[in-house]
Amino acid sequence: MRITALRPQRRSKKRLSVFVDGEFACSLDRETIAQFRLKEGQRVDAGLLEQVVLEEQFRHCRDYAFRLLSYRARSEQELRERLSSKGYSPAVIERVLDRLKELAIVDDRKLAREYVAARIGVGHRGKFRVEQELRKRGIDREKIAEAMHGAPDEVEAARLVLEHYLPRYRRLDETTRKRRLYGLLARRGFSIETIEQVLFRSGLAD
């Protein structure tokens, strides 16, 4: 087989239509053409054409993953789902993910640690809620458990939330105030034990 024509496409000047033995074979961007040094008159086989197409898909998929990661850190599962939604093949996606993990750009263990530190230590959320959020992002239980092992003090986080909101409820009767504060802390994912401990220390529980 021989490449008989490389024709610019009307819709995109960055892409060329590749014709082999007079028949359309595939569409490639100019970067791929240059990478493989494809030119008219060159002999090719089906294996080479397949390799060229897969390499272009890999590069496009990788670049899209980089764009996603430039906005915020993402878990392996989050990236897999987004890349899949763009139509990339599973084989190409896994190759991209392997490369990103090799470069330590995608690291679920690190993401979990940083997320726990930010959500509990800075965002003042409870461990239960943070665990749910991490599971939703596709982080496995082992990595979540490791991250939680070094988590900031949940009781201190709950105390800070209580101190921030307590002035708003000063004029309420004691029963209503306790109920609302309890609900507030529960919605933030703090455990019953933590809530009762913080309320007790603040003189709001029996």
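With hydrogens and angles ignored, the 3.5 Å screen pairs a side-chain donor or acceptor of E56 with a backbone N or O of D29. Listed for the R74 side chain is a donor-acceptor partner under 3.5 Å among the backbone atoms of L68. The closest donor-acceptor contact from the side chain of S85 to the backbone of R82 lies under 3.5 Å. Although no hydrogens or angles enter the test, the distance criterion places no donor-acceptor pair under 3.5 Å between the side chain of R188 and the main chain of R125. At least one donor-acceptor pair closer than 3.5 Å links the side chain of Q42 to the backbone N or O of K39. Side chain of E154 to main chain of K127: a donor-acceptor pair is present (N/O by atom type, distance under 3.5 Å, no hydrogens or angles).
A distance of 8.0 Å separates NZ of K101 from CG of D108, quoted to the nearest 0.5 Å. With rounding to the nearest 0.5 angstrom, the CG atom of L134 is 6.0 Å from the OH atom of Y115. Of the inter-residue distances, the one linking L6 atom CG with R30 atom CZ reads 9.5 Å to the nearest 0.5 angstrom. Rounding to the nearest 0.5 Å places NZ of K14 at 15.5 Å from CG of L28. Distance OG1/T32 to CG/L38: 8.5 Å, rounded to 0.5 Å. Rounding to the nearest 0.5 Å gives a distance of 5.0 Å between CD of Q35 and CD of E55.
Relative ring orientation between F24 and F19 is described as perpendicular, the plane-to-plane angle rising above 60° on a 0-90° scale split at 30° and 60°.
A cation-pi arrangement, defined by a distance under 6.0 Å to the six-membered ring centre and an angle within 45 degrees of its axis, is present between K86 and Y64.
Under a hydrophobic-cluster definition in which Ile, Leu, Val, Met, Phe, Trp and Tyr are linked whenever side-chain heavy atoms come within less than 4.5 Å, directly or via other members, I139 and L79 are assigned to different clusters. Hydrophobic clustering, with ILVMFWY side chains joined whenever heavy atoms are under 4.5 angstrom apart, groups Y88 together with F66. Cluster annotation: L172 and Y165 are assigned to the same hydrophobic cluster (Ile/Leu/Val/Met/Phe/Trp/Tyr, side-chain heavy-atom contacts under 4.5 Å, transitive). In terms of hydrophobic clustering, with Ile, Leu, Val, Met, Phe, Trp and Tyr side chains grouped at heavy-atom distances under 4.5 Å, I33 and V44 are assigned to a common cluster.
Across every non-hydrogen atom of V198 and A158, the tightest pair is CG2-CB, 3.7 Å. Taking all atoms of both residues into account, the shortest heavy-atom contact from A151 to V116 is CB-CG1, 3.5 Å. A pairwise comparison of heavy atoms in I105 and L69 identifies CG2-CD1, 3.5 Å as the closest pair. Nearest heavy atoms, L48 versus D45: N-OD1, 2.7 Å. Contact record, A65 with L100: CB-CD1, 3.9 Å, taken as the closest heavy-atom pair. Nearest approach of M1 to A46, heavy atoms of both residues: CE-N, 3.2 Å.
Using a 4.5 Å heavy-atom cutoff, the side chains of L199 and L162 are in contact. The shortest distance between side-chain heavy atoms of E23 and T4 does not fall below 4.5 Å. Between Y169 and K178, the closest side-chain pair of non-hydrogen atoms is not below 4.5 Å.
For the pair E78 and R137, the salt-bridge criterion is met [side-chain N within less than 4.0 Å of a carboxylate O]. Using a 4.0 Å cut-off between a side-chain N of Lys or Arg and a carboxylate O of Asp or Glu, R95 and D98 do not qualify as a salt bridge.
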Test log, rule salt bridge (charged side-chain N to carboxylate O under 4.0 Å, His left out), inputs E146 and K143: CA-CA 5 Å; E146 289 180 11; K143 293 183 178 66; over 6 Å; no
Intermediate values then yes/no, side chain to side chain donor-acceptor pair (under 3.5 Å), S27 and Q9: CA-CA 9 Å; S27 171; Q9 295 186 342; 2.7 Å; yes
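If you check the side chains of R80 and Q77, you find a donor sitting under 3.5 Å from an acceptor.
If you run side-chain contact (heavy atoms from CB on, under 4.5 Å) between Q57 and each of V96, V92, I93, only V92 comes through. Remark: of the listed residues R129, R135, E131, R129 is the sole one forming a side-chain contact (heavy atoms from CB on, under 4.5 Å) with E133.
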